[in-house]
Amino acid sequence: MSHVLESLNTALHQAFAADERVYLLGEDVLDPYGGAFKVTRGLSSAFPGRVLTTPISEAGITGIAAGMALRGLRPVVEIMFGDFMTLVADQLTNHIAKFRWMYNDQVRVPLVLRTPMGGRRGYGPTHSQTLEKMFLGVPGLRVLAPCWIGDPGRLLAQAILEDDEPVIFIENKLLYLLPVQDENALPEFALTSITYPRLPEYIPGYAPTYSLKINQAPAASLTLAAYGYMAELARQAALRLAYEHEIFVELVIPTQLAPFETEPIIASVRRTGRLLTIEEGTLSLGWGAELQARCAEVLGPRLRAACRVAAAELPVPASGGLETEILPDVNHIVQTAQRMV
Amino acid sequence: MSHVLESLNTALHQAFAADERVYLLGEDVLDPYGGAFKVTRGLSSAFPGRVLTTPISEAGITGIAAGMALRGLRPVVEIMFGDFMTLVADQLTNHIAKFRWMYNDQVRVPLVLRTPMGGRRGYGPTHSQTLEKMFLGVPGLRVLAPCWIGDPGRLLAQAILEDDEPVIFIENKLLYLLPVQDENALPEFALTSITYPRLPEYIPGYAPTYSLKINQAPAASLTLAAYGYMAELARQAALRLAYEHEIFVELVIPTQLAPFETEPIIASVRRTGRLLTIEEGTLSLGWGAELQARCAEVLGPRLRAACRVAAAELPVPASGGLETEILPDVNHIVQTAQRMV
Amino acid sequence: MPDNIELYRRLYRIRNFEETVLDEFPSGVFFGTTHTYLGQEANAVGVLSHLQPDDVVVSNHRCHGHYLAYGGDLHGLFAELMGRSTGVCGGRGGSQHLHWRNFYSNGVLGGTVPLATGMALAEKMRSSRAVTVTFLGDGTLGEGVVYESLNIASLWQAPILYVVENNRIAQTTSIDLAVAGNIPSRFTAFGIPCLEMDSSDVLEIYTAAARLIGEVREQAAPRALILHTCRFGPHSKGDDTRSPEQVVQLRRERDPITIHGSRLDSAVRMQVDVSIREEVTQAFERALADPKPVLSSIAG
Amino acid sequence: MPDNIELYRRLYRIRNFEETVLDEFPSGVFFGTTHTYLGQEANAVGVLSHLQPDDVVVSNHRCHGHYLAYGGDLHGLFAELMGRSTGVCGGRGGSQHLHWRNFYSNGVLGGTVPLATGMALAEKMRSSRAVTVTFLGDGTLGEGVVYESLNIASLWQAPILYVVENNRIAQTTSIDLAVAGNIPSRFTAFGIPCLEMDSSDVLEIYTAAARLIGEVREQAAPRALILHTCRFGPHSKGDDTRSPEQVVQLRRERDPITIHGSRLDSAVRMQVDVSIREEVTQAFERALADPKPVLSSIAG
Ligand SMILES: Cc1ncc(C[n+]2csc(CCOP(=O)(O)OP(=O)(O)O)c2C)c(N)n1
Ligand SMILES: Cc1ncc(C[n+]2csc(CCOP(=O)(O)OP(=O)(O)O)c2C)c(N)n1
Ligand SMILES: [Mg+2]
Ligand SMILES: [Mg+2]
């Protein structure tokens, strides 16, 4: 069984082989090092000249990639740590996200910007954050988050090869080493995968939302929503809730964070009446805030209970115990769920 | 009666006179020009040497101001257009907001970063945005928004002179020319001002939340929440709702956007059961999302109706009619309120 | 090479367009604000007259002159400024945000420089032999991303010409308050050869640009052209903090239209002037009659 | 001036601290990662031995050596790396995020440079006569905000010394792939005088730094010192992509401890070595026994 890291790495190789317009720009991406988290390993050997190791210039390389994308290439940018997404905020917000609409739909910016997010490695305040929330509300950007479920590599390959919109691709650091799980690997769960064929620029099979229910369980009384690595913690929590507390949940896992496609989550909450969102970033104006707001808007009083599990509103400390206290974990999820039903 | 612009300008003069540690850095801030929106007018003449016109280096000057703040000064930074806040995202998020906590509470960063936001002037996609939402979820930053009500200048002066935390001060461009209104100037309304004396670092009279109710009106069936210029549109909507549709609302206007202090809003929604948030930025993950999420969390099914009025999820176009269509206005508020009750 | 008459036509077209913009602004036909190219016409014309069809231009807030010298259509620009659906960007972009063929501009200073660099690299990767030209002002040299771009352009040998239009002022800020050291060194420090020129004569600029664009194209390598130039108008509208005398002197000594116009037979020149004015007026009138976009009529 | 023995002590303290860090990392006592200063000790000691009590230091990810040369306490640093509440930042910051007296570091490359520049300006505004010293690596020259800072430092004459530690590598990226042109020009282009030095001898660096820090203090003006230096260890841990032979050669030819150690009587040197090792061991043991912070015990 392959890991998420392997799946992403293979997808990059496939994308490079499939389309010679694909380039990659990033810091320290050349072999033998192959990138700080090794997602690009082997790529520069296999495709010399198309994997460009760059100076430490996050804004510059993002802008350069945007220029490449506007002129017919399909660049991928690796930002070494997601914490440095702040450095590319202007390129993303005022350039990349705007071109298509501002130029009256005359251009496309097919660019994928990949970056690892997340803590639990003791890297401290500037190398452990989960900052994607800063970009989830920027019109014109698609934000994807692969998961250990389904096919993370396919998500990446489709983003690179088939999606003409700019994509931010969020990879949680702890996700990398999780084995990729398909239906058969999750015997306790019934897995459904939902896509949105009604969307105007629908790409078949792209960016599915997964829904997990424990097999043969009674009707769920709570919806959990989570993505990326947190979906794994939510899965563990779902099992504990079922076996230890007889609380049955439906776990909904989107792979597209923005634009918000909340239908599957709202559909689930219609059934359960309760929504618990789980994310690794700090609470305020995180992904969960938008989900809760949309649920409240659509469901009104039928949303009987709403809660968010998220990081404490503090920088991520280096000291391990402290870091654990600040970041959300399975216990937080279980305890919050218990309070909600 | 003075305008918001005058009030802010006077406050700057007072702050400079009161404390010689106050400096100002910004582009084109020297007299006779006095800044793109004239908020700093007269300042460089009155306090030569302490008003520093800078190169066009938003990140650089913000970092420099942070260094000044860490070494005992109280700098104010003006970012010419709020759209360029993306350029200072790293300094704000990974430096300024983190220092105090990451350095174990050994330092303070008393810095105020002022910037104008907002559209309706035809400036187009890169000079019309309302981007404060990107910073409302960053732990360690206080975000304030003056209003045409109360005392905008005092809010600014307190931020500069009394607040030891880094403050982002959001000035809507259309707010500048609104006359400042106190209780007596709003004869139709009962005005309450709420502060939070229980907060650990409470500064008397700082960052009040205002609440407006139409005098002698029946119990409100809806809470409107808005800040800055949108609070003025909400006020107009409140009058129209009352006089044309017999819908009575309570309008809550915070001047502190982050950290979120939602008590007065939640208290109001407890009474009305309905919350309509109004903001000029694009919808997703805007200020309103966090308010709605908090209300849903605290009130559960007692939140009977939740809606947000915000900008369409597009860049702000230059063409006037299009811009008007995309930005929220009084009609949107009135129509949404009608649908909610 | 375009002859003297054609060069003059290009210069005067920009001049007359921009004068019309400033004249008509108070009437309320335009949205937002504008940054006119008055006084700098010889830069755009001198440089961009060398472009081949596949070449790329990346411009900034002061883009009308670049756009027109690139060959952009007068009516499309007027319509854009008036927010009409016939504008080059359907009225969405407005004055600072233009796109037409291989011409791009954006209003956030500095951020266009990596973009242009990436475009140049893409053309090289695609072996198109296209040259990219990008314009930036002296004030924009304050933005760090410019240097990130120069470094990479030099390392990867991007076929790009950086044109610095040094009008010695940024909005209201004199270069002395904003640019330390000197401009050419800021390019050579990154290994980018650089030519400096203090002229408002389109022929001189044309000649210098010929050499640099040739080098960029032949050697697939970056070059910089520093043009010392003069802004005749306000930064945008009514915001000139310089003394009127100073501006009058600039206009007297450094007017590209006068300098190059004197090479034309005066009857010919007058004829060109008349025809350009008519062209501009017609474009203006036509744009004025065009419809404005509405949201419901456009794709989300 | 600190005598040769004292200088050696300072060098070896850093060396032994960093070796202990690398040796003990696999045992799991430290959190996160680390960037050791092995091989570059003479830079920090040569430069920071000139500091007066009010002077300010702004450092980067590779900050242990700077911190120790500044006078920082061994135990506080070990405790910080171990995430103890007795660490200089109570365990919150960890290896890259230190603050102690007038010493500050942060882990986002480049962003510390405007910070340091602002600190220098604040000291000037407050007439303290304090000098600010900031360190940056060759790779960090890729960040645009560095140039924004140099420009302003030059315009406003900030009393700051920029020390570039050019170890010719950034993580795994050789300088040839990342730094176009040349480093001194990147400072002189902004009007900042610059001294370049290729040495691992603390006395040579000390002498050069004396002159520059003196100039910064006397003239209240910026200076740059480019130190060509050698990184002996991996970037962080186990991630050295250079050939072992190359690193062995650097260690043989450019070891600041060997170079300066040879100036000491060998018995004296041995005595210093022993006492430093003991100091380091004790600090390590003490830190190891310290408590870890818990959230409930700290202010939100
Ligand atoms: C990032 C950014 N900061 C500030 C501005 C506001 N602004 C627009 S033009 C300008 C002056 C630009 O000066 P310069 O680069 O010399 O060009 P010029 O206007 O002289 O042609 C300023 C400050 C902006 N558009 N973008
Ligand atoms: C903005 C930013 N980008 C990337 C990194 C990751 N990173 C940490 S150290 C380093 C290399 C730095 O090289 P250099 O400046 O030469 O310093 P050295 O490590 O050689 O001392 C990189 C890429 C970072 N910390 N910050
Ligand atoms: Mg200029
Ligand atoms: Mg290095």
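Lettering follows sequence order; numbering is per chain, from 1. This structure is a prediction, so every number in the text was calculated from the model and none was measured.
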Best-contacting candidate, Ala59(B), Gly124(B), Ala296(B), against chain A by heavy atom pairs under 4.5 angstrom: Ala296(B)

Winner by heavy-atom pair count (cut-off under 4.5 Å) against chain A, out of Glu58(B), Gln292(B), Met134(B): Met134(B)

When only pairs under 4.5 Å are counted, which of Gly140(B), Gly286(B), Ala305(B) shares the most heavy-atom pairs with chain A? Gly286(B)

Engaged part of Leu283(A) at the chain B interface, taking heavy atoms whose separation is under 4.5 Å: both

Looking only at Ala312(B), Ala293(B), Pro301(B), most heavy-atom pairs under 4.5 Å shared with chain A are made by Pro301(B)

For Leu285(B), is there any backbone N or O sitting under 3.5 Å from a side-chain donor or acceptor partner on Glu290(A)? yes

Mind listing the closest non-hydrogen atom pair of Trp101(A) and Pro317(B) along with its distance? CZ3-CB, 3.8 Å

Could you name the residues of residues 86-94 of chain A that have a heavy atom within less than 4.5 Å of a heavy atom in chain B? Thr86(A), Leu87(A), Ala89(A), Asp90(A), Thr93(A), Asn94(A)

Scanning both residues in full, the closest heavy-atom pair of Pro125(B) with Lys98(A) reads O-CE, 3.0 Å

Minimum side-chain heavy-atom gap Arg294(A)-Arg308(B) below 4.5 Å: yes

Using a 4.5 angstrom heavy-atom cutoff, name the option from Met102(B), Met85(B), Gln129(B) with the most pairs to chain A. Gln129(B)

Name the region of Arg274(A), side chain, backbone, both or neither, that has any atom closer than 4.5 Å to a heavy atom of chain B. neither

Of the listed residues (Leu303(B), Leu291(B), Val316(B), Thr126(B)), which shares the most heavy-atom pairs with chain A below a 4.5 Å separation? Leu303(B)

Among Gly300(A), Ala318(A), Pro315(A), residue most engaged with chain B (heavy-atom pairs, under 4.5 Å): Pro315(A)

Given heavy-atom pairs under 4.5 angstrom as the criterion, report whether the side chain, backbone, both or neither of Arg302(A) touches chain B. neither

Flag side-chain contact, heavy atom, 4.5 Å: Lys133(B) against Lys133(A): no

Answer key: most heavy-atom pairs under 4.5 Å with chain B among Phe84(A), Phe260(A), Phe135(A) is Phe260(A)

